S.K.: 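One structure coming up, written as structure tokens, with questions to follow.
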Amino acid sequence: MANYEVFEYDVLVIGAGGSGLRAVIGAREKGASVGVVTKSLLGKAHTVMAEGGAAAALGNYDKEDNWKVHFRDTMRGGKFLNNWRTVEIFAKEAPDRILELERYGAVFDRTPEGLISQRAFGGHAYRRLAHVGDRTGLELIRTLQDHAVRLGMEVHMETTLTRLLKDGDRIIGAVGYRRGDGSIVIFRGKAVVLATGGWGRMFRYTSNSWESTGDGLVMAYEAGAVLKDVEFMQFHPTGMIWPPGMRGVLVTEGVRGEGGILRNSKGERFMFNHVPEFYRAETAETPEEAARWVEDKKNNRRPPELLPRDVVARAIYKEVKEGRGSEHGGVYLDISHKGEAYIKKKLPSMYDQFLHLGDVDITKQPMEVYPTVHYAMGGVDTEPEECKTSLRGLFACGEVACGLHGANRLGGNSLTDLLVFGRRAGEAAAEFAKTEGHPETPMDQVEEEVELLMRPLQGGDGENPYTIQSELQEAMQEGAMIARTEESLKQTLDKILELQRRANDIRVAGSPAFNPGWNAARDTLYMLISSELIVRAALERKESRGSHWRLDYPNEDEFWSKHNITVRKGENGEPVIEPRPVPEMPEELKKILEEGA
Amino acid sequence: MAKTITLRVFRGDANGGTTQDFRVETFPGMVVLDAIHVIQKEQDPSLACRWNCKAAKCGSCSAEVNGMPRLMCKTRVDALPTDKPIEVFPLKTFPVIKDLVTDVSWNYEVAKKIQGLTLADEGSKEPLRMQQIDVDRVQEFRKCIECFLCQNTCHILRDNERKDVFFGPRQMIRLASLEMHPLDVADRTQFLKEVAGVGACNITKCCTEVCPEHIQITDNGIIPLKERVADTYFDPVRKLLRWVGGRK
């Protein structure tokens with residue numbers, strides 16, 4: 001038997017984005033030894049790309065704001081499929097987590113009183129997003145990174161874990177490889193925190209990096225964990241569409257928050273024609289009111305451009321589909337009327353991004369945008385108090401976990417999610433580790449994984465992993481993105497199953513040492529399985545709700561309004577898709593929802 | 001119009017290497033990282049490079065393009081001369097792992113030694129009060145995306161190979177962001193002088209020139225830090241006080 005490198009910790013954290021690092025801090029504060037494993041360098045995780053801000057009802061501008069309003073906004077945004085308890089904890093703890101970040105070293109933009117400035121964002125009733133210009137994610141990850149380093153953790157950078165290790169029904173570690181030299185490495189954790197982030201690479205238009213392949217989701221699924229809500233993928237309404245290399249790259253919602261206007265090729269401000277009844281009372285009626293709102297938020301209602309992301313994304317899809325799209329198949333987003341000085345101060349990195357990479361001066365010209373796959377609402381089913389999954393010893397937090405966002409996430413809620421549940425997961429994992437030992441490493445599981453990892457390197461001709469990825473992205477984009485039908489989903493599923501068969505024959509050249517092709521071979525398998533689960537759940541949900549839009553079932557459905565969809569691996573390896581009733585909300589929380597209706 | 005360009009890419013590892021030419025068809029707005037991705041997908045999937053966000057926010061894809069330290073995701077192909085091959089090399093200051101990937105772990109090791117934000121009321125949960133005008137300069141430094149292009153360009157680290165005496169511009173900026181934080185009470189002057197080696201910088205401003213975030217590393221960061229050290233150690237009155245006080 002091969003001799004692999006082995007590391008042992010009380011708590012093993014997989015992923016070093018915001019939630020992973022906050023879990024590290026939580027576990028360290030409880031005295032646990034912590035190892036954290038990341039596929040990239042430290043500080044490069046997806047958190048860094050978050051722009052707009054972190055939502056917390058601090059009430060620094062709007063004294064009327066409090067956790068109850070944040071709770072109500074989040075539940076409404078999620079179309080009531082959220083786990084109410086998760087949302088309650090979230091809304092209550094959010095302010096503390098933001099203030100604590102400031103004491104770790106984060107330097108947010110300030111109010112005239114010297115407190116944390118807060119920005120308006122889609123779906124939030126009040127100005128609620130703590131922010132730093134349009135680089136809030138960077139501030140968050142760097143702050144957590146520095147603080148976690150200060151508390152002491154062992155970081156394993158550029159190390160990819162590919163399989164969770166089990167002792168009976170308990171998760172006891174994971175196996176994977178170092179990207180640098182390709183060597184196999186085993187991590188043993190008395191408790192394991194899954195903080196691997198989201199998945200979007202299976203779509204052609206996505207703001208996600210190479211890392212977002214669904215590895216964490218699928219690792220948990222393969223190990224037997226219950227997943228939930230995976231049909232709900234968030235399409236951020238405004239991704240870049242031109243030039244080709246920038247397709248999918250995010251244009252922050254902050255552009256619309258600062259007064260950006262969406263227009264079609266006829267010059268019409270089309271969002272006024274797409275205001276759902278549910279939101280009519282709180283949306284500006286005229287462009288004049290919308291313009292006044294940017295300056296005076298108390299006495300005016302918000303522009304329709306700031307409706308929840310699913311609403312705006314669908315409106316853009318319809319405009320383009322009905323022939324009113326821009327030159328490259330998107331719509332126009334215009335902020336130029338706010339003037340050069342304002343734009344450069346408020347949206348510096350957007351200005352830079354378009355000027356240098358898109359040949360567009362946004363202080364003078366409109367941007368071209370189209371929805372881009374951005375965020376996975378669903379994930380590993382996670383209990384709210386301690387972020388426990390259905391598997392003993394496995395905790396989950398951040399985007400890979402599930403329960404907070406329901407059918408649609410509000411912008412600004414994900415950064416705070418990382419803090420609130422990263423902490424809870426880390427602390428709970430440390431407590432769990434106190435009473436558990438390290439069972440023996442199951443070498444049969446390790447060897448099975450090593451065999452799978454090494455298969456593409458055995459030589460001979462075979463499939464190119466990138467070709468399979470491209471075909472998958474094409475199929476998911478066409479059949480499972482914004483607008484879905486039974487037919488489009490079934491066609492996509494057929495294609496995925498065909499690609500899964502072909503993926504057995506993936507072959508790559510070279511050695512395992514820093515070989516992106518070899519890494520992509522294993523990643524492709526995660527992308528194919530996660531795609532299958534997304535599509536199967538999307539087929540099951542025969543209604544339209546939140547981000548899930550079925551052209552053949554355009555309305556909300558009574559049964560599905562009260563059910564989540566769970567996915568788990570069956571006895572024979574087949575995906576088992578089952579509806580599960582949404583937990584009943586206590587009366588006092590129901591009252592909070594009714595008060596705002 | 002699509003046009004074909006040649007990329008001359010370093011291929012090798014810690015034991016050395018050579019260059020390899022790849023022909024790539026361009027598309028509008030193509031950046032060097034796009035071209036590398038085309039090579040990986042269509043010609044050689046084993047070509048190693050780092051990248052994450054592809055939007056100049058993460059600082060992963062640093063390399064030397066035609067001899068200049070750049071983020072590959074921000075370097076337009078059509079802004080480079082196309083009558084000769086575009087040369088893409090790994091950062092020179094750090095040891096090569098493979099192809100365009102270098103071992104930058106030293107940066108993370110020295111970062112561990114820096115004392116973080118230290119508040120007078122440590123342990124309190126009160127919101128901090130700071131005016132925007134007082135945090136502007138700290139926020140400039142906190143724009144750093146840790147691409148390490150400045151570290152790569154710094155003469156002390158690159159040509160003199162003195163990683164033992166100087167932490168480099170990136171860590172100076174980190175230290176400046178802490179030292180100039182309105183509520184920080186730690187004194188890092190001695191650390192700056194004796195451990196981080198701020199005196200080693202000879203103000204050629206090369207780091208400022210390559211910063212993709214346009215941070216005024218030298219003028220706003222390093223020079224004020226040098227002044228703090230000078231005030232403490234080379235001011236005659238303070239020197240006398242230190243001597244009287246029995247401190248070195």
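Numbered from 1 within each chain, the chains take letters A, B, ... in sequence-line order. A quick note: this is a predicted structure, and the numbers were derived from the prediction, not measured.
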S.K.: Please flag which part of B/M30 lies under 4.5 Å from any non-hydrogen atom of chain A: side chain, backbone, both or neither.
M.R.: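 Neither part.
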S.K.: Picking from B/D103, B/I145, B/V31, which has the most non-hydrogen pairs under 4.5 angstrom with chain A?
M.R.: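 Sorted descending by pairs with chain A, the first entry is B/I145.
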S.K.: For the backbone of B/E146 and the side chain of A/K44, can you confirm whether one donor and one acceptor N or O come within less than 3.5 Å of each other?
M.R.: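 Yes, because the side chain of A/K44 sits within donor-acceptor range (under 3.5 Å) of the backbone of B/E146.
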S.K.: Counting only heavy atoms closer than 4.5 Å, note whether A/E139 contacts chain B via side chain, backbone, both or neither.
M.R.: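 It is both, since atoms from each part get that close.
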S.K.: Less than 4.5 Å to any heavy atom of chain B: does that hold for the side chain of A/S212, its backbone, both, or neither?
M.R.: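 For A/S212, neither part sits under 4.5 Å from chain B.
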S.K.: Would you say B/D21 has more than 12 foreign heavy atoms packed within less than 6.0 Å of its CG?
M.R.: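 Atom CG in B/D21 is crowded, with more than 12 foreign heavy atoms closer than 6.0 Å.
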S.K.: Side chains of B/Q139 and A/V132, heavy atoms from C-beta outward: is any pair under 4.5 Å?
M.R.: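 Touching, per the 4.5 Å side-chain cut-off.
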S.K.: Please give me the minimum heavy-atom distance between A/E113 and B/R129, naming the atom from each residue.
M.R.: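 Where A/E113 meets B/R129 most closely, the heavy atoms are O-NH1, 3.1 Å.
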S.K.: Give the minimum heavy-atom separation between A/W210 and B/W51, together with the two atoms involved.
M.R.: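 For A/W210 versus B/W51, the nearest heavy atoms are NE1-O, 2.6 Å.
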S.K.: Which atoms form the tightest heavy-atom contact between A/R135 and B/R142, and what is the distance?
M.R.: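 Nearest heavy atoms, A/R135 then B/R142: NH1-O, 3.3 Å.
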S.K.: Heavy-atom pairs under 4.5 Å with chain A - which of B/E122, B/H214, B/K125, B/K98 has more of them than the others?
M.R.: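 Most pairs with chain A among the choices: B/K98.
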S.K.: Which heavy atom of B/N52 sits nearest a heavy atom of A/S209, and at what distance?
M.R.: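 For B/N52 and A/S209, the tightest heavy-atom pair comes out as O-CB, 2.8 Å.
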S.K.: In plain terms, say whether A/R110 and B/D136 are close enough for a salt bridge, that is, a side-chain N and a carboxylate O under 4.0 Å apart.
M.R.: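 A salt bridge is absent here (no side-chain N lies under 4.0 Å from a carboxylate O).
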S.K.: I need the B/K57 NZ to A/D134 CG distance, nearest 0.5 Å.
M.R.: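 So the gap between those two atoms works out to 6.0 Å.
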S.K.: Once rounded to the nearest 0.5 Å, what's the spacing between atom SG of B/C144 and atom CG of A/L138?
M.R.: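 Separation between the atoms: 8.0 Å.
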S.K.: Checking heavy atoms, do the side chain of B/S105, its backbone, both or neither come under 4.5 Å from chain A?
M.R.: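 B/S105 has no heavy atom closer than 4.5 Å to chain A.
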S.K.: Are B/K74 and A/D352 ion-paired here, with the side-chain N under 4.0 Å from a carboxylate O?
M.R.: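 Result for this pair is yes, salt bridge flagged.
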S.K.: Report the option among B/Q132, B/E126, B/E42 that has the most heavy-atom pairs separated by less than 4.5 Å from atoms of chain A.
M.R.: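 The answer is B/Q132.
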S.K.: Just by distance, do the side chain of B/K54 and the backbone of A/N208 share a donor-acceptor pair under 3.5 Å?
M.R.: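 No; zero donor-acceptor contacts below 3.5 Å.
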S.K.: Shorter than 4.5 Å, heavy atoms on both sides: which option in A/G517, A/P243, A/G114 has the most such pairs with chain B?
M.R.: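 Top option by heavy-atom pairs under 4.5 Å: A/G114.
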S.K.: To the nearest 0.5 Å, how far apart are OG in A/S40 and CZ in B/R50?
M.R.: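 The CZ atom of B/R50 is 8.5 Å from OG of A/S40, to the nearest 0.5 Å.
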S.K.: Around A/R204, counting heavy atoms of other residues, nucleotides and ligands shown, do more than 12 lie under 6.0 Å from its CZ?
M.R.: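 Counting other residues, nucleotides and ligands, CZ of A/R204 exceeds 12 neighbours.
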S.K.: Can you confirm whether A/Q145 sits close enough to B/Y108 that some side-chain heavy atom of one is under 4.5 Å from a side-chain heavy atom of the other?
M.R.: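 When only atoms from C-beta onward are counted, B/Y108 and A/Q145 do touch, with a gap below 4.5 Å.
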S.K.: Heavy-atom pairs under 4.5 Å with chain B - which of A/R179, A/H46, A/M157 has more of them than the others?
M.R.: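 Among the listed options, the one with the most contacts to chain B is A/M157.
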S.K.: Please report the interatomic distance CZ(A/R150) to CG(B/L117), rounded to the nearest 0.5 Å.
M.R.: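 If we round to the nearest 0.5 Å, A/R150:CZ and B/L117:CG are 6.5 Å apart.
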S.K.: Any side-chain heavy atom of A/D359 sitting closer than 4.5 Å to one from B/R76?
M.R.: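 With C-beta onward as the side chain, the pair touches.
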S.K.: So which of A/E158, A/Q469, A/Q353, A/E100 has the biggest tally of heavy-atom pairs under 4.5 Å with chain B?
M.R.: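 Top count of heavy-atom pairs under 4.5 Å with chain B: A/E158.
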S.K.: Provide the closest heavy-atom pair for A/V249 versus B/A55 in the form atom of the first, atom of the second, distance.
M.R.: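 For A/V249 and B/A55, the tightest heavy-atom pair comes out as CG1-CB, 3.8 Å.
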S.K.: Going from SG on B/C73 to CE on A/M246, what distance comes out if it is rounded to the nearest 0.5 angstrom?
M.R.: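 Reported to 0.5 Å precision, the distance equals 8.0 Å.
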S.K.: Considering non-hydrogen atoms only, spot the tightest contact between B/Q131 and A/P112 and give its length.
M.R.: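 Result for this residue pair: OE1-O, 3.2 Å.
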S.K.: Among A/A520, A/P244, A/G510, A/S470, which residue forms the greatest number of heavy-atom pairs with chain B at distances under 4.5 Å?
M.R.: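 Top count of heavy-atom pairs under 4.5 Å with chain B: A/P244.
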S.K.: Between B/L183, B/T75, B/V101, B/I97, who has the most heavy-atom pairs with chain A when the cutoff is under 4.5 Å?
M.R.: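 Answer, by heavy-atom pair count under 4.5 Å with chain A: B/V101.
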S.K.: Does A/R103 use its side chain to pair, donor to acceptor, with the backbone of B/L119 at less than 3.5 Å?
M.R.: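 Side chain of A/R103 to backbone of B/L119, a donor-acceptor pair under 3.5 Å: no, none is there.
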S.K.: Counting only heavy atoms closer than 4.5 Å, note whether A/E211 contacts chain B via side chain, backbone, both or neither.
M.R.: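 Only the side chain of A/E211 comes within 4.5 Å of chain B.
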S.K.: Under 4.5 Å from any heavy atom of chain A, what part of B/D184 do you find: side chain, backbone, both or neither?
M.R.: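 Neither part, no heavy atoms under 4.5 Å.
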S.K.: Name the option with the most non-hydrogen atom pairs under 4.5 Å to chain B; the candidates are A/D109, A/V508, A/D96, A/V149.
M.R.: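 Counting heavy-atom pairs under 4.5 Å, the top option is A/D109.
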S.K.: Say you draw a straight line from NZ of B/K112 to CG of A/D146; how long is it, rounded to the nearest 0.5 Å?
M.R.: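 Here the interatomic distance stands at 12.5 Å.
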S.K.: Looking only at heavy atoms and a cut-off of under 4.5 Å, which of B/H181, B/E213, B/K143 has the most pairs with chain A?
M.R.: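 The candidate making the most pairs under 4.5 Å is B/K143.
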S.K.: Quick check on the interface: out of B/L47, B/D13, B/V138, who has the most heavy-atom pairs with chain A under 4.5 Å?
M.R.: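 Among B/L47, B/D13, B/V138, the one with the most close pairs to chain A is B/L47.
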S.K.: Report the option among A/L41, A/L99, A/V48 that has the most heavy-atom pairs separated by less than 4.5 Å from atoms of chain B.
M.R.: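 Max contact count across the listed options: A/L41.
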